[in-house]
Amino acid sequence: MPCSYSSCDNGGYDVTQEILRGLASRTPRFEGECACRGSCGGECCSRVLRYVATATYRSPEA
Ligand SMILES: [Zn+2]
């Protein structure tokens, strides 16, 4: 997921791991924060992305 800040260099968020973790634990709704790992103007961007994810799981029906 790219950084939304236009002058951010090499920025982006890595939420994949956390989302996968949430899916693995079958949490119907999970949220978190992820800091940007890019830099802008030689300084760390450190923009924080907040995300909320909802997931629907197939329940084992008899
Ligand atoms: Zn950034």
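First listed ligand is number 1; within each ligand, the first listed atom is number 1.
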Exercise for review: Check which protein N, O or S atoms are less than 2.8 Å from the Zn ion (ligand 1) and report how many there are.
Suggested key: 4
Check your understanding: Rounded to the nearest 0.5 Å, what separation is found between the OH atom of Y13 and the SG atom of C45?
Key -> 5.5 Å
Exercise for review: Just grab all the salt bridge (charged side-chain N to carboxylate O under 4.0 Å, His left out) pairs involving residues 32-41, residues at least two apart or on different chains.
Suggested key: E33-R50
Check your understanding: Hey, quick one: are Y51 and Y5 part of the same hydrophobic cluster, counting side-chain heavy atoms closer than 4.5 Å, chains of contacts allowed?
Key -> no
Exercise for review: Quickly, which of C8, C40, C36, C34 forms a side-chain contact (heavy atoms from CB on, under 4.5 Å) with R47? Name it, please.
Suggested key: C36
Practice item. Drop me the distance from C3's SG to N10's CG, to the nearest 0.5 angstrom. Key: 10.5 Å
Review point. Any donor-acceptor pair under 3.5 Å linking the side chain of T27 with the backbone of L23?
Key: no
